[in-house]
Amino acid sequence: MAKERSRKALLELLQRPGNAACADCAAPDPDWASHSLGIFICLNCSGIHRNIPQVSKVKSVRLDDWDDVQVEFMASNGNNVAKAKYESKMPPFYYKPTFLDCQLLREQWIRAKYERKEFIHSEKQEPYSAGYREGFLWKRGRDNGQFLSRKFVLSEREGALKYFNKNDAKEPKAIMKIEHLNATFQPAKIGNPHGLQITYLKDNSTRNIFVYHEDGKEIVDWFNAIRAARFHYLQVAFPGASDVDLVPKLSRNYLKEGYMEKTGPKQTEGFKKRWFTMDDRRLMYFKDPLDAFARGEVFIGSKENSYKVLEGLPPSTQGNHWQHGITIVTPDRKFLFACETEDDQLEWITTFQKVISRPMLPQEYAVEAHFKHKP
């Protein structure tokens, strides 16, 4: 009877504002809780909490026994109270993961909040908020695919992320301007749970580098240091903009990636299988997912500027092995692609339609003009 009473009380608490989504990743309908922190969490996050037992003790809302003291503690706390405490000094640039993000980001977010208390004690944010960071990361070689230790230096003052091939090298191997820098976690693609893909523009073409660090905190600190540098750069570049306007521009995940077949501009040569990445308005294709440079890039504008996506291929098309076609119409030409499955085709068409339905920003016209004048 007491068990039923406790369960009923907990289910009522789940209806309170803030408690209907996981306190850590915002997944809907959490049915686990940390009775030492007073928060409701999802099954995935409960697994991470179990790994920090000195801080968090977890129970199932529906299946475990609860005593009155534990239920009362949950009632006097809850997700909104915990957020006000554990996220009180969270800097606006710090990446707050959701249930769609990789395990590493979610784990380090939970550890930063409750174990290290980084957003209660702002001096603990030094590794990613100081404006300067240097250290060693394992970087994938462009030609041989081997990961080698390389020194990286991020300097907001210089406006760049640099890496060096040798510890004592005077000149960096690459200088990546903060203005054009992006970072996104790609554990499956890189084949490492801590794998980070960093991209920048070199001669207005996208260049990829792939890195990781054995220590999860280290690589997430690098990621947030890059976001901090981008945030401070954008604050200067757009002095009137609010944090809400700037934060979505700090880093971006790709809209979609995967294999499609493509043919050339004359549409007479055979279709070739390529790895495609949709990054904002740039559709890039690579021979291999881990190539440093794209084989080609296509700018995808908006419907107001005569861009459109069509299901299928022109009737005269030949040479495609995959049957599920997509035609992208631009002001200059048509691009033909083929997908292996109907599901793939639908996902790509939906992604392209989202991009095309979005009006172009003033700065995107300059990018489009450069694509038109590419040799």
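Looking only at distances, no side-chain donor or acceptor of Arg133 sits under 3.5 Å from a matching main-chain atom of Tyr128. The main-chain N or O of Gln146 is never found under 3.5 Å from a side-chain atom of Arg140 such that the two would form a donor-acceptor pair. Proximity of a side-chain donor or acceptor of Asn208 to a complementary backbone N or O of Asp291 within less than 3.5 Å is detected. The backbone N or O of Gly18 lies less than 3.5 Å from a partner atom in the side chain of Asn79, making a donor-acceptor pair. In terms of modelled atom types and a separation under 3.5 Å, the side chain of Thr98 and the main chain of Leu100 share a donor-acceptor contact.
Counting heavy-atom neighbours within 6.0 Å of Glu214 CD, excluding the residue itself, gives a total above 12. Counting heavy-atom neighbours within 6.0 Å of Lys217 NZ, excluding the residue itself, gives a total above 12. By the neighbour-count criterion of 12 heavy atoms within 6.0 Å, atom CD of Gln54 is densely surrounded, having more than that number from other residues, nucleotides or ligands. The 12-atom threshold is not exceeded at NZ of Lys83, counting heavy atoms of other residues, nucleotides or ligands nearer than 6.0 Å. Within a 6.0 Å sphere centred on CD of Gln235, other residues, nucleotides and ligands contribute more than 12 heavy atoms. Heavy atoms from other residues, nucleotides or ligands lying under 6.0 Å from NZ of Lys202 number 12 at most. By the neighbour-count criterion of 12 heavy atoms within 6.0 Å, atom NZ of Lys124 is densely surrounded, having more than that number from other residues, nucleotides or ligands.
The hydrophobic clustering, which links ILVMFWY residues whose side-chain heavy atoms are closer than 4.5 Å, places Val355 and Met260 together. Note on Met176: it does not cluster hydrophobically with Met284, by side-chain heavy-atom contacts below 4.5 Å among ILVMFWY residues.
Salt-bridge check for Asp65 with Lys59: failed, with every basic side-chain N at 4.0 Å or more from each acidic carboxylate O. Electrostatic pairing of Glu87 and Lys96 counts as a salt bridge here, judged by a charged N lying under 4.0 Å from a carboxylate O. Ion pairing between a basic and an acidic side chain is recognised when a charged N comes within 4.0 Å of a carboxylate O; Glu107 and Arg111 show such pairing. The existence of a salt bridge linking Glu364 and Arg281 is confirmed by a sub-4.0 Å separation between a basic side-chain nitrogen and an acidic carboxylate oxygen. Salt bridge status for Glu118 with Arg116: present, with a side-chain N to carboxylate O gap under 4.0 Å. Ion pairing between Arg252 and Asp280 fails under the 4.0 Å rule for side-chain N and carboxylate O.
In this structure, Lys151 is positioned above the aromatic face of Phe164, its NZ or CZ under 6.0 Å from the six-membered ring centre and within 45° of the axis. With Trp348 as the aromatic partner, Lys256 meets the cation-pi criteria of under 6.0 angstrom to the ring centre and within 45 degrees of the ring axis. Remark: Lys273 qualifies as a cation-pi partner of Tyr259 under the 6.0 Å distance and 45° angle criteria applied to the six-membered ring. A cation-pi arrangement is not found for Arg7 relative to Trp66, the charged atom failing to lie both closer than 6.0 Å to the ring centre and inside a 45° cone about the ring normal.
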Going through the checks in order, is the ring-ring contact (aromatic ring centres under 6.0 Å, His included) test met by Tyr212 and Phe147? CA-CA 9 Å; Tyr212 73 87; Phe147 280 88; 5.1 Å; yes
Take Asn253 and Thr184 through the test side chain to side chain donor-acceptor pair (under 3.5 Å) and record every step on the way to the result. CA-CA 6 Å; Asn253 294 327; Thr184 177; 2.8 Å; yes
Derivation of the side chain to side chain donor-acceptor pair (under 3.5 Å) call for Asn165 and Arg150: CA-CA 6 Å; Asn165 268 357; Arg150 294 288 181 254; 2.9 Å; yes
Please walk me through it: do Asp343 and His324 pass side chain to side chain donor-acceptor pair (under 3.5 Å)? CA-CA 9 Å; Asp343 284 350; His324 306 279; over 6 Å; no
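Ring geometry for Phe276 against Tyr285 counts as tilted: the plane angle lies between 30° and 60°, on a 0 to 90° scale.
The residue from Tyr95, Phe119, Tyr114, Phe223 that alone fulfils the ring pair (Phe, Tyr, Trp, His ring centres under 6.0 Å) condition with Trp109 is Phe119.
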